[in-house]
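Scroll down for the structure; my scribbles are underneath it.
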Amino acid sequence: MYYQSTRNKSLRVSSAQAIAQGISEDGGLFVPCEIPSLSLDEIKSLCDKSYNERAAAIFAKYLTDFTEAEINYCVNGAYSLKNFDTESITEIAHLFDGRYMLELWHGTTCAFKDMALKILPYLLTVSVKKLGIDKKVVILVATSGDTGKAALEGFKDVEGTQILVFYPVDGVSKMQKLQMTTQEGKNVAVCAIKGNFDDAQTGVKRIFTDHSVAKKLEQNNMMFSSANSINWGRLAPQIIYYVSAYTDLVSAGEIELGEKINICVPTGNFGNILAAYYAKMMGVPINKLVCASNSNNVLTDFIKTGVYDRNRKFYTTMSPSMDILISSNLERLLYILSGCDDEYIKKIYSELGSTGRFEVTPEIKEKLSETFAGGFSTEEETKEAIKECYEKYSYTMDTHTAVAFHVYDSYAKSTGDSSEAVIASTASPYKFSASVLDAIGKLPDNCDEFELTEVLRQVSGMPVPESLSSLKTKPVRFKDVISKEEMESAVYGFLGIK
């Protein structure tokens, strides 16, 4: 299995090189040259396997330059009770009428990013070793809230690495900010920027592809890599939980083997739903992929019109991890739908850079609509969804999951599609206690973040994750706030490079 750049398909690298490098030098994203298949017999054989065994089987198809022992080392190191509060790693909650919540937030940072970022440090360090690289690996991360903490926790004190996370100063929840700014570890740093997530993401990608910056790191025996979902090592682990969810439903007798399901994903950067697309292309019986957006509904409009236009008002919402107008992983999908036309991808992304918009061909638009549906949820609709789910089904969900809940309900009603459906639940409600309590109508006055978690515990009956409650006594280590123009100098300062 080799990987090529979405902007230069003549470039072929191993999975180890793709993971170690993070992003192609031409600014493109690495994608597998072909999507491996997964037969129904193989899916059936996975039904009685553990999550780790399922993960190893899928990784073996994508990471063919890794040995079986290396894959097992990575998988077993990441997916254990040390890192997750359930032996099954994920949980599926059956709500009603063939709808299921795929809970992806049982890791230590209480968000779905743990599913990939617990294993990425293993994949990265093994890749670097396999390639014979003797350099310090510098991880740069732009985050809209959850990726930052999960990456910091994953790479904390990992030998031979340093990690720097940038986040929008007013674009994360109070709990997300506390998680990052109190982060422990000798090799970590966190910095807020004046701007939104797109500013942070654009800044990180620019630094990644700046040859003068790369040269300066080379002179100091360092190299960049990424923990954002632009790195294939972030995306590949996410494919696994969609395969695993399907096998869990078959094992539980909820669906028949071969029966098609729908999957609805709340997404901003498009990586989480793209992983579901890869699972579908491999052979998992998936019918429709429903892309759920908040008020920053650039993806909804794109799926419906074929026009991607980020020239619009940016909204700061109660679902901050989706407050994104530049969805990096969409490039991977369009590369596939264009027939791997790297020149076309370069053309439209050049247009996006210069004008802020592009329009895909009618052929691509048709292919897009065959698999994807899109919808968005306003702030009021998101609140209503949280309240409805709580009152009708005694289920407490966070603000991002609520976006997907509302969007899928609207999709099912408008289309009459009665397929069994999996809704990706991406974060613990405790990360957004104030918003969840406000939606339910039980938000008290004048409470701090930790008092709110106690109120939510009483309301929901769910235990408060220890990783969140322990933040109360941790000192804030990182207080810097810079302009987006200062990001490069902040990187040099963190690394001690003059």
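FYI, the numbering just counts along the sequence from 1.
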Side chain to side chain contact (heavy atoms under 4.5 Å, CB included) assessment of Y3 paired with L11:
CA-CA 8 Å; Y3 293 77; L11 182 68; over 6 Å; no
Would you call D409 and K413 a salt bridge, taking side-chain N to carboxylate O under 4.0 Å as the test?
yes
Minimum heavy-atom separation for M1 and C33, please, with both atom names.
SD-N, 4.3 Å
Is a side-chain N or O of Q21 found less than 3.5 angstrom from the main chain of A18, in a donor-acceptor match?
no
CG of L330 to CD1 of I326, rounded to nearest 0.5 Å, is 12.0 Å
Walk me through it: do S226 and I23 pass the test side chain to side chain contact (heavy atoms under 4.5 Å, CB included)?
CA-CA 7 Å; S226 173; I23 188 172; 5.9 Å; no
When you check the side-chain N and O atoms of S50 and N52, is any donor under 3.5 Å from an acceptor?
no
Is it true that E153 and T109 share a donor-acceptor pair across their side chains at a distance under 3.5 Å?
no
Is a side-chain N or O of N294 found less than 3.5 angstrom from the main chain of S377, in a donor-acceptor match?
no
Verify the distance criterion only: is there a donor paired with an acceptor across the side chains of E381 and T378 at less than 3.5 Å?
yes
Donor-acceptor under 3.5 Å (Y430 side chain, L468 main chain):
no
Counting N and O atoms only, with roles assigned by atom type, does the side chain of R310 sit under 3.5 Å from a partner on the main chain of L325, one being a donor and the other an acceptor?
no
Show me the donor-acceptor pairs, under 3.5 Å and distance only, between side chains in residues 366-376 and residues at least two apart or in other chains.
from	atom 1	to	atom 2	distance (Å)
K367	NZ	L337	O	3.1
S369	OG	K365	O	3.4
S369	OG	E366	O	2.9

Examine distances only and state if a side-chain atom of S225 and a backbone atom of V138 form a donor-acceptor pair shorter than 3.5 Å.
no
Restricting to side chain to side chain donor-acceptor pair (under 3.5 Å), what partner residues turn up for S321, sequence neighbours left out?
D146, Q176
Could you list the residues that satisfy ring-ring contact (aromatic ring centres under 6.0 Å, His included) with F66, not counting sequence neighbours?
none
Donor on one side chain, acceptor on other, D417 and S419, under 3.5 Å
yes
Determine yes or no for a side-chain-to-main-chain donor-acceptor pair under 3.5 angstrom, with S319 supplying the side chain and H400 the backbone.
no
Keeping S251 on the side-chain end and C47 on the backbone end, is there a donor-acceptor pair under 3.5 Å?
yes
Who are the ring-ring contact (aromatic ring centres under 6.0 Å, His included) partners of Y344, not counting sequence neighbours?
none
Verify the distance criterion only: is there a donor paired with an acceptor across the side chains of Q201 and N269 at less than 3.5 Å?
yes
Is the ring pair Y349/F358 parallel, tilted or perpendicular, if the boundaries are 30 and 60 degrees?
tilted
Any donor-acceptor pair under 3.5 Å linking the side chain of D26 with the backbone of G28?
yes
Determine whether the side chains of T267 and N272 contain a donor N or O and an acceptor N or O closer than 3.5 Å.
no
For the side chain of N83 and the backbone of A78, is there at least one donor-acceptor N/O pair under 3.5 Å apart?
yes
Using modelled atom types and a 3.5 Å cut-off, is there a donor and acceptor pairing between side-chain atoms of S428 and backbone atoms of C110?
no
Atom pair CG (L63) and OG (S127), whose distance is rounded to the nearest 0.5 Å
7.5 Å
Does R357 form a side chain to side chain contact (heavy atoms under 4.5 Å, CB included) with L352? I'd like the steps, not just the answer.
CA-CA 5 Å; R357 72 185 302 276; L352 183 65; 5.5 Å; no
Is the shortest distance from a Lys or Arg side-chain nitrogen in E420 or R99 to a carboxylate oxygen in the other one below 4.0 Å?
no
Pairwise salt bridge (Lys or Arg N to Asp or Glu O under 4.0 Å) hits with a residue in residues 241-259, at least two apart:
R54-D248
Salt-bridged, K346 to E343, with N to O below 4.0 Å?
yes
What is the distance from atom SG of C264 to atom CD1 of I423, rounded to the nearest 0.5 Å?
6.0 Å
Using a strict threshold of under 4.0 Å (side-chain N to carboxylate O), is an ion pair present between E379 and K383?
no
Apply side chain to side chain contact (heavy atoms under 4.5 Å, CB included) to F270 and I324, showing your working.
CA-CA 10 Å; F270 206 74; I324 298 170; over 6 Å; no
Side chain to side chain donor-acceptor pair (under 3.5 Å) contacts touching residues 330-340 (sequence neighbours left out)
Q4-Y335, T6-E331, R7-E331, N329-R332
Side chains of R312 and N297: do they bring a donor and an acceptor to under 3.5 Å?
yes
